[in-house]
Amino acid sequence: MKAVVVIVMLLCSSSIVTSLRAPEPEPEPPSPAPTSSPSTLDPKQVIALESLDIPTARDPCGQPSFHNATLCDNAKPFRHLISLRLANCSSYLSLSFTALKALSTLRSLTLLNCPAAPTHLPPQLATSLTSFTCVNSLRKVSGVWLSQLQNLTHLTVSDVQVKASGPFVILAHMSKLTSLTISNANLTGSLPGHLHSNLTHIDFSLNHLKGSIPPSITMLLNLQTLNLSSNALSGQIPPSIGDLISLQNLSLASNSFSGSIPDSLSALPDLLHMDLSSNQLNGSIPKFISQIKSLSYLNLANNNLRGVLPFNLSFINRLQVFKVAGNSNLCYNRSVLSSKLKLRISPCDKFGMPVSPPAKDSSADDTTDDDYDETDDEGSRHKKDHHHGPNKFVLGVAIALSSIVFLIVFLILCSKCCR
Ligand SMILES: *[C@@H]1O[C@H](CO)[C@@H](O)[C@H](O)[C@H]1NC(C)=O
Ligand SMILES: *[C@@H]1O[C@H](CO)[C@@H](O)[C@H](O)[C@H]1NC(C)=O
Ligand SMILES: *[C@@H]1O[C@H](CO)[C@@H](O)[C@H](O)[C@H]1NC(C)=O
Ligand SMILES: *[C@@H]1O[C@H](CO)[C@@H](O)[C@H](O)[C@H]1NC(C)=O
Ligand SMILES: *[C@@H]1O[C@H](CO)[C@@H](O)[C@H](O)[C@H]1NC(C)=O
Ligand SMILES: *[C@@H]1O[C@H](CO)[C@@H](O)[C@H](O)[C@H]1NC(C)=O
Ligand SMILES: *[C@@H]1O[C@H](CO)[C@@H](O)[C@H](O)[C@H]1NC(C)=O
Ligand SMILES: *[C@@H]1O[C@H](CO)[C@@H](O)[C@H](O)[C@H]1NC(C)=O
Ligand SMILES: *[C@@H]1O[C@H](CO)[C@@H](O)[C@H](O)[C@H]1NC(C)=O
Ligand SMILES: *[C@@H]1O[C@H](CO)[C@@H](O)[C@H](O)[C@H]1NC(C)=O
């Protein structure tokens, strides 16, 4: 153990000395450096990397670097780090102010499973970063700490406690942000009334956000993903959500949204994935949803939706996932859809009301208890997974009959031949 440490120290100091000895611009090609070459990285940054347990015996600027942890620019005489990823750090690792200050050329910093305490952030580093990712790292961070990162275009914080009175504290000055994820962070407060119009991705899932969706969300014309799932949001889904013309993935699942599903959602031309499950949405399902050409995932389960399901078989078959279970006042038209789809809602009576009680109605020819068994996962529809008893039976009878006919013909032929 000690020997290893000594060797590492020797290697490190020798690399520093060699790089110090060569202050002249070297004609070093930016191509992958041979493993034995001296480090071309700024010696201050070599020391900072060592303090962060990143091995520097091999040139950290050579590619691919150790676990792809580092990426350098091509500056002369010394190269500088532009990207650093710390993963699976020791619990003893500390991020010192000195080390972070030496790393103020970084544009991207990623911490994965790195339980170091958050340090006072050097202002130079705070403004140099354009991308910051912190997953299950830094134990907990404050909104004020994050808000210093004003040049960010990408911010991802997940599986970390974020202490702030609301997202606005974090975001107020991040005017260049395009991708924002603060997920599973116990974040409280409400959605900011103003968000920057260049955002393409917003994920606030798995937090404690309250209040409603601000109507100003419709300013986000570039928004492709909006994930607000698993919060405590309420109120109506604003009809102006149909103005988010770039939206592809929308999840408002597991909140307390009420009122009806806005018709305007069907105006979203690129919508692929729509999850409104586990809310208190009421009213009927807008028929126009079936006119969204790109849709492949539709989950409306566990709401208070009512009336006749306005979809036909060709629409439902086009979807990869379709869930409507857990809407006790919703029913499907038996002359349009088969009970074999296992939608886990009741068929309608002639007034468009659910036949009740759903499970024990044996009057209809093909409505059997089998349609309501609880063995499948929560109301999901599985295509082509169901070989039905009657069909097998018919096939069996057909085979048996044809074998008998064949046998008779054979016997007749046989008896004629043998005569
Ligand atoms: C490093 O990145 C390259 C290209 O992105 C990838 O092919 C390689 O598998 C990565 N290596 C490690 C150890 O992650
Ligand atoms: C970190 O640990 C996880 C699980 O132990 C492993 O899958 C991952 O590859 C590790 N990452 C690095 C960069 O060592
Ligand atoms: C960060 O932003 C500030 C002010 O907005 C600007 O002066 C500075 O040049 C930016 N830094 C980088 C590295 O982009
Ligand atoms: C959120 O809070 C709960 C209870 O206070 C705690 O158990 C959980 O670990 C916290 N989550 C995170 C990501 O810190
Ligand atoms: C949005 O992006 C465009 C081009 O990508 C850029 O010109 C504009 O300044 C950005 N707007 C803001 C508010 O950052
Ligand atoms: C939303 O976030 C949840 C939890 O992080 C995730 O499981 C789900 O796939 C996301 N949905 C979309 C549409 O991005
Ligand atoms: C939307 O979600 C799908 C998975 O359902 C994923 O493959 C796709 O990358 C997501 N698109 C965006 C823009 O996030
Ligand atoms: C739906 O719920 C809202 C409030 O939650 C209520 O005002 C409205 O009357 C309900 N509409 C229907 C059709 O039940
Ligand atoms: C099913 O519904 C879609 C959308 O409403 C419609 O375009 C299509 O013609 C219908 N197909 C059949 C077979 O009725
Ligand atoms: C069910 O569909 C048939 C045929 O399209 C239609 O005549 C009937 O009115 C529908 N029933 C209900 C309750 O909507």
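Counting starts at 1 for both ligands and their atoms, in listed order.
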* Sequence neighbours excluded, which residues qualify as ring-ring contact (aromatic ring centres under 6.0 Å, His included) partners of His173? ->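 Testing His173 for ring-ring contact (aromatic ring centres under 6.0 Å, His included), a comparison that skips the adjacent residues, returns none.
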
Item to complete: Return yes when atom CZ of Phe97 has more than 12 non-hydrogen atoms of other residues, nucleotides or ligands closer than 6.0 Å, and no otherwise.
Response: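 Buried by this count: over 12 neighbours within 6.0 Å.
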
Pick out the protein N or O atoms lying less than 3.5 Å from any N or O of ligand 9, and list each pair with its distance.
residue	atom	partner	partner atom	Å
ligand 9	2 (O)	Asn312	OD1	3.3
ligand 9	2 (O)	Asn312	ND2	2.4
ligand 9	5 (O)	Ser290	OG	3.1
ligand 9	11 (N)	Asn312	ND2	2.7
ligand 9	11 (N)	Ser314	OG	3.3
ligand 9	14 (O)	Asn312	ND2	3.1

side-chain hydrogen bond (donor to acceptor under 3.5 Å, both in side chains) between Thr105 and Gln45, worked out
CA-CA 10 Å; Thr105 56; Gln45 298 199 328; 2.9 Å; yes

_Nearest atoms (heavy-atom pairs only) where Asn227 meets Ser229_ =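 Distance-wise, the nearest heavy atoms are OD1-OG, 2.8 Å.
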
If you look at every heavy atom in Leu93 and Ser51, which pair is closest and at what distance?
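Looks like CD1-O, 3.7 Å.
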
**Request:** Check ligand 8 against Asn282 and write out every atom of the ligand that is under 4.0 Å from a heavy-atom position of the residue.
**Result:**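 In order of numbering, the contacting atoms are 1 (C), 2 (O), 3 (C), 8 (C), 10 (C), 11 (N), 12 (C), 14 (O).
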
Any N or O of Asn88 closer than 3.5 Å to N or O of ligand 2 =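 It does: an N or O of Asn88 is found under 3.5 Å from an N or O of ligand 2.
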
Closer than 4.0 Å to some heavy atom of Ala87 - which atoms of ligand 2 meet that?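 Answer, ordered by atom number: 13 (C).
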
Q: Would you please indicate if the ring centroids of Phe322 and Phe311 are separated by under 6.0 Å?
A: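 So the answer is yes for these two rings.
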
Derivation of the side-chain hydrogen bond (donor to acceptor under 3.5 Å, both in side chains) call for His208 and Asn186
CA-CA 6 Å; His208 302 305; Asn186 282 345; 3.0 Å; yes

